[in-house]
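Note sheet for the following structure.
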Amino acid sequence: MTAALLAWYDRHARLMPWRTGPAEKAAGIRPDPYRVWLSEVMLQQTTVAAVRKYHERFTTLWPSVADLAAAEDADVMAEWAGLGYYARARNLLKCARVVMADHGGRFPDTHDALIALPGIGPYTAAAIAAIAFDRPETVVDGNVERVMSRLFDVSTPLPAAKPELTDHAARLTPRDRPGDHAQAVMDLGATICTPRNPACGICPLRAPCLARQRGTQDDRPVKAPKKPKPQRTGYAYVGRRADGAWLVETRPDKGLLGGMLGFPGSEWGETPEPTPPLRAEWRPAGEARHVFTHFALTLTVMVAELPPANPERGHFLAADRFDPTALPTVMRKVHEVAAPHLDVERPGASG
DNA sequence: TATCCGTGGAT
DNA sequence: TATCCAAGGAT
């Protein structure tokens, strides 16, 4: 079964910036652990399509773990903006600095040492050990769970089924080419054994697949029902000084959008109170809607021209240093609502 | 074990 | 429009 999967992978492996090409593979060259680590962290709960450009940008700006470890926190957070799950970016920096301080700038090559690093859990530790160092570790992500649940027709609902699925995956892990095997299962799950309408007809594991034999593939994996999303509201305050500077704040490291740049605002809940960050003629400019993983948010966007006084919250950022692409998506939406209401006369510009 | 933590594309 | 869900980790 493993041989058929590897043969399929040799023909159909997807090309990605962090993978070695056919020529390098033929020469026995392993992928760069730094690039593999970066890709695996970015790929946590994130699509390959979204990760590609971020990975390219990061490795251009910071070609090695030493470069990344020496980067400014704010620069890294700004580059991560839009990718989501911002704790990953904070842990990415922590991890890079631990690798420099405690591992001489080289990523450890064992599962146990890897999982001790910030932002590296069971999946990522196994993935780096297998892909970068070709260790016979068993990688279990959402793809592997789906493939195993179908291959062995597991009817236990997730997440309770995880140990059972991990057990199946472990038994299939070969001593030879474990790194390619891990990526083969994931590629299979991403391109053939997909969540909906799996392409069983061209699947290399079609013959032994129990779900295929029994016709249950559309009902695997079984998942526990999800909870409904609560609706929350709040206020966001977008103010500009006469010189064009924007009032922004860096959010605290913990919690939602931790460490990211944003606009001051109220609490987000059922009936939030307005909390303007300083005295001004605040007026409503519109609403910004955004859906997070576990709640939906509607923000009333308030705008104002601000006096040069020091704000109680946040700080002023000069117009030429303000970049909306450095904002998390919800704050970028707030900016889009506010900006047309806050045109300022630029010094030297004539109107 | 359950909850929190983003985003955008597919259907 | 609503729902799913993607190479999960931290707490």
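What you see below is based on every heavy atom in this structure, not just the backbone, and it leaves out hydrogens, waters and symmetry mates. In what follows, chains are A, B, ... by sequence order, proteins preceding strands, each numbered from 1.
Remark: C1' of B:dC4 and NZ of A:Lys227 are 12 Å apart, rounded to the nearest angstrom. Between the OH atom of A:Tyr54 and the C1' atom of B:dG6 there is a distance of 10 Å, given to the nearest Å. Rounded to whole angstrom, the span from the CE atom of A:Met42 across to the P atom of B:dC5 amounts to 22 Å. When the P atom of B:dG6 is taken as reference, atom NZ of A:Lys333 falls 14 Å away, rounded to whole Å. Rounding to whole angstrom units, NE2 of residue A:His294 and P of B:dC5 are separated by 4 Å. At whole-Å resolution of the value, CG in A:Leu297 and C1' in B:dC5 are 14 Å apart.
Within the 4.5 Å cutoff, side-chain heavy atoms of A:Leu92 are placed close to those of A:Phe58. Residues A:Val154 and A:Met148 are not in side-chain contact: their nearest non-hydrogen atoms beyond the backbone lie 4.5 Å or more apart. Between A:Leu297 and A:Arg289, every side-chain heavy-atom pair lies at or beyond the 4.5 Å cut-off. Residues A:Leu299 and A:Thr233 are not in side-chain contact: their nearest non-hydrogen atoms beyond the backbone lie 4.5 Å or more apart. A:Leu306 has its side chain within reach of A:Phe316: a pair of non-hydrogen atoms, C-beta onward, lies under 4.5 Å apart.
Of the side-chain N and O atoms in A:Thr329, one or more sit less than 4.0 angstrom from OP1 or OP2 of B:dT7. Contact check, A:Tyr85 against B:dC4: no side-chain N or O comes under 4.0 Å of OP1 or OP2. Regarding contacts with the backbone of B:dG8, a side-chain N or O of A:Arg332 is found under 4.0 angstrom from either OP1 or OP2. OP1 or OP2 of B:dT7 has at least one side-chain nitrogen or oxygen of A:His290 nearer than 4.0 Å.
Note on A:Ser39: nothing from the nucleic acid sits closer than 4.0 angstrom, heavy atoms only. A:Val330 comes within 4.0 angstrom of sugar-phosphate atoms only, judged by non-hydrogen atoms across all strands, and of no base. A:Met16 comes within contact range of at least one nucleobase, with a heavy-atom separation under 4.0 Å. Within 4.0 Å of A:Gly82, counting heavy atoms only, lie sugar-phosphate atoms of the nucleic acid but no base atom. Counting non-hydrogen atoms under 4.0 angstrom, A:Pro122 reaches the backbone sugars and phosphates but no base. Within the nucleic acid shown, A:Arg19 comes within 4.0 Å of at least one base atom, counting heavy atoms only. When heavy atoms are screened at a 4.0 angstrom cut-off, A:Arg90 is found touching no nucleic acid atom at all.
A:Arg240 contributes a side-chain N or O that, together with a main-chain N or O of A:Gly244, makes up a donor-acceptor pair within less than 3.5 Å. The closest donor-acceptor contact from the side chain of A:Arg146 to the backbone of A:Cys193 lies under 3.5 Å.
B:dT3 and C:dA7 have their P atoms separated by 24 Å, given to the nearest Å. B:dG6 sits 14 Å from C:dT11 when the P atoms are compared, rounded to a whole Å.
Protein chain A contacts DNA chain C from C:dC5 to C:dA10, reading 5' to 3' and using non-hydrogen atoms of the protein with a distance under 4.0 Å.
Between A:Lys25 and A:Asp180 there is a salt bridge, with a side-chain nitrogen of the basic residue lying less than 4.0 Å from a carboxylate oxygen of the acidic one.
Under the 6.0 Å cut-off for aromatic ring centres, A:His335 and A:Phe322 qualify, their centroids lying closer than that.
Within the structure, side-chain hydrogen bond (donor to acceptor under 3.5 Å, both in side chains) pairs that include any residue of residues 118-131 of chain A comprise A:Glu40-A:Tyr123, A:Gln44-A:Thr124 (at least two apart or interchain).
Of the residues near DNA chain C, A:Ile115 and A:Asp141, the one whose nearest nucleotide (by heavy atom distance) lies more toward the 5' end is A:Asp141.
Counting only Watson-Crick and G-U wobble pairs whose two distances sit under 3.5 Å, DNA chain C takes part in these stems of three or more pairs: B:2-5 with C:8-11, B:7-11 with C:2-6.
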